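Computed from a predicted structure; not experimentally measured.
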Amino acid sequence: MEQASQQQAAVDSAVDAEAAGHDAAGTPVSSSSAGSQVPMEIQQALLPKVVAGSYAHPFSPWRRRYMVGLVSVLAALLCADQNLLAPNLSAAAAYFGLNDRQKDAVLGGYLMAAFFVVGAPAALLCGYLADKHNRVVLLAGIIIIGEAPCLCTYWVTELWQFFLLRMLTGIAVGGCFPLLFSLLGDLFPVSQRSAMSALAQAAVGAGLGGGQLLAGLVGPATNWRLPFVILAAPSLLLALLLLFTVQEPPRGAFEEALRGQL
């Protein structure tokens, strides 16, 4: 503080000397140079240089990587059951007493349409809530909303029950993505966000393919409903792990305009 005061005093002295027709050393100067930019140059030379320090996120790098890994696995499991029905469509149709025409229209058409129609409004709603509430709690809740019905699929006896459970899962699939990418944006700087987003998207793709492979292997060997249980059970456990081990990151943690307000 004392050094800064001395530097400011030197700047003020230089400005006064220039106004009186002298330079910073007391040497008279001509009137033609009195209106020059010397005072500004002197100020720039004497004032301390401000060097922006590197920003340290309140979460350690390993803690942030753990969060990304956990939410990516959860997104993969949540999306994996989108294709669980396709390899076992005939078995499901026989279970509900549908003929071939009804199988294609109801299970292959109406059911899949209902799954995605409810997912789009859910994405908008979750995006709105993500700006106002704890995103970790919201993500854990939306996963439970999606995977609990997925688990209950094993005990359905009527087609309307299956329809309702699949629609609830569709709500969760649509709602998880705004929360996922909102969290990623506050965990990593701009230079790393694309890589983290690519990792999450790769996990989703792996989940889609892995779910269909699981259903194709397990369904014919047991029954078509068991793959839903195999995916839902670990998803619910990981959702609880997320809720109790992951903390909401500071909003805008890597946004330069907000650093002074965090």
Side-chain angles (χ1 to χ4, degrees), residues 64-89 92 107-108 111-120 122-123 126-127 130 135-136 138-154 162 165-185 187-188 193-243 245-246:
R64 286 181 278 144
R65 294 188 186 106
Y66 164 75
M67 292 175 64
V68 172
L70 181 57
V71 298
S72 297
V73 171
L74 282 167
L77 291 173
L78 188 61
C79 293
D81 67 10
Q82 293 185 42
N83 291 335
L84 290 182
L85 185 60
N88 301 297
L89 204 62
L107 297 181
L111 180 64
M112 295 307 296
F115 184 91
F116 290 105
V117 164
V118 297
C126 288
R135 292 163 292 178
V136 173
L138 287 172
L139 183 58
I142 205 72
I143 291 171
I144 292 173
I145 289 173
E147 293 303 318
C150 185
L151 181 67
C152 293
T153 300
Y154 189 81
F162 187 50
L165 295 178
R166 297 306 291 160
M167 290 178 68
L168 290 173
T169 301
I171 292 174
V173 171
C176 76
F177 288 105
L179 300 169
L180 172 64
F181 290 109
S182 177
L183 288 170
L184 290 179
L187 290 175
F188 295 93
R193 288 175 192 168
S194 296
M196 294 300 104
S197 298
L199 176 64
Q201 289 285 19
V204 170
L208 291 170
Q212 187 161 355
L213 176 63
L214 173 69
L217 295 175
V218 174
T222 56
N223 69 73
W224 67 273
R225 293 164 293 158
L226 185 59
F228 291 88
V229 177
I230 294 175
L231 285 178
S235 299
L236 291 171
L237 294 176
L238 289 177
L240 295 177
L241 182 66
L242 173 75
L243 187 61
T245 64
V246 172

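Atom CD of Gln82 and atom CZ of Phe115 lie 4.5 Å apart (nearest 0.5 Å). Annotation: the span from Leu168 atom CG to Ile142 atom CD1 amounts to 10.0 Å, rounded to 0.5 Å. Taking CG from Leu179 and CG from Leu138, the interatomic distance works out to 5.5 Å, rounded to the nearest 0.5 Å. A distance of 5.0 Å separates CG of Leu214 from CD1 of Ile230, quoted to the nearest 0.5 Å. Taken from CD in Gln201 to SG in Cys79, the straight-line distance is 9.0 Å, to the nearest 0.5 Å. Remark: Leu78 CG to Thr169 OG1 distance equals 7.5 Å, nearest 0.5 Å.
Side chains of Leu165 and Cys150 form no contact here, defined as non-hydrogen atoms less than 4.5 Å apart. Proximity of Leu139 to Val136: side-chain heavy atoms (C-beta onward) are nowhere separated by under 4.5 Å. Side-chain contact between Leu187 and Met196 is absent, with no heavy-atom pair separated by less than 4.5 Å.
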_Please evaluate residues Arg193 and Leu184 with respect to the criterion side-chain contact (heavy atoms from CB on, under 4.5 Å), reporting the C-alpha separation (whole Å), side-chain torsions for both, the decisive distance (0.1 Å), and the verdict._
CA-CA 7 Å; Arg193 288 175 192 168; Leu184 290 179; over 6 Å; no

*Intermediate values then yes/no, side-chain contact (heavy atoms from CB on, under 4.5 Å), Tyr66 and Val246*: CA-CA 9 Å; Tyr66 164 75; Val246 172; 3.9 Å; yes

_Leu70/Met67 under side-chain contact (heavy atoms from CB on, under 4.5 Å): CA gap, chis, key distance, verdict_ = CA-CA 5 Å; Leu70 181 57; Met67 292 175 64; 5.9 Å; no

*Would you sort out whether Phe162 and Leu85 count as a side-chain contact (heavy atoms from CB on, under 4.5 Å), showing the intermediate values?*
CA-CA 11 Å; Phe162 187 50; Leu85 185 60; 4.0 Å; yes

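Ala130 and Arg135 get closest at one heavy-atom pair: O-CG, 3.5 Å. What you find for Leu180 and Ala200 is that their closest heavy atoms are CD2-CB, 3.9 Å. Heavy-atom minimum distance, Ser235 versus Leu231: OG-O, 2.8 Å. The heavy-atom pair separating Gln212 from Asn83 by the smallest distance is OE1-ND2, 3.5 Å. When all heavy atoms are compared, the tightest approach of Pro234 to Val229 is CD-O, 4.4 Å. Met112 approaches Leu107 most closely through the heavy-atom pair CG-O, 3.8 Å.
The aromatic rings of Phe177 and Phe181 sit parallel to each other, their planes meeting at less than 30°, with 60° as the upper class boundary.
Remark: side-chain polar atoms of Asn88 are paired, donor with acceptor, to backbone N or O of Ala215 under 3.5 angstrom. Formation of a donor-acceptor pair under 3.5 Å by the Arg166 side chain with backbone atoms of Leu111 is not found in this model.
Remark: Arg225 is positioned above the aromatic ring of Tyr154, its terminal NZ or CZ atom under 6.0 angstrom from the ring centre and at most 45 degrees off the axis.
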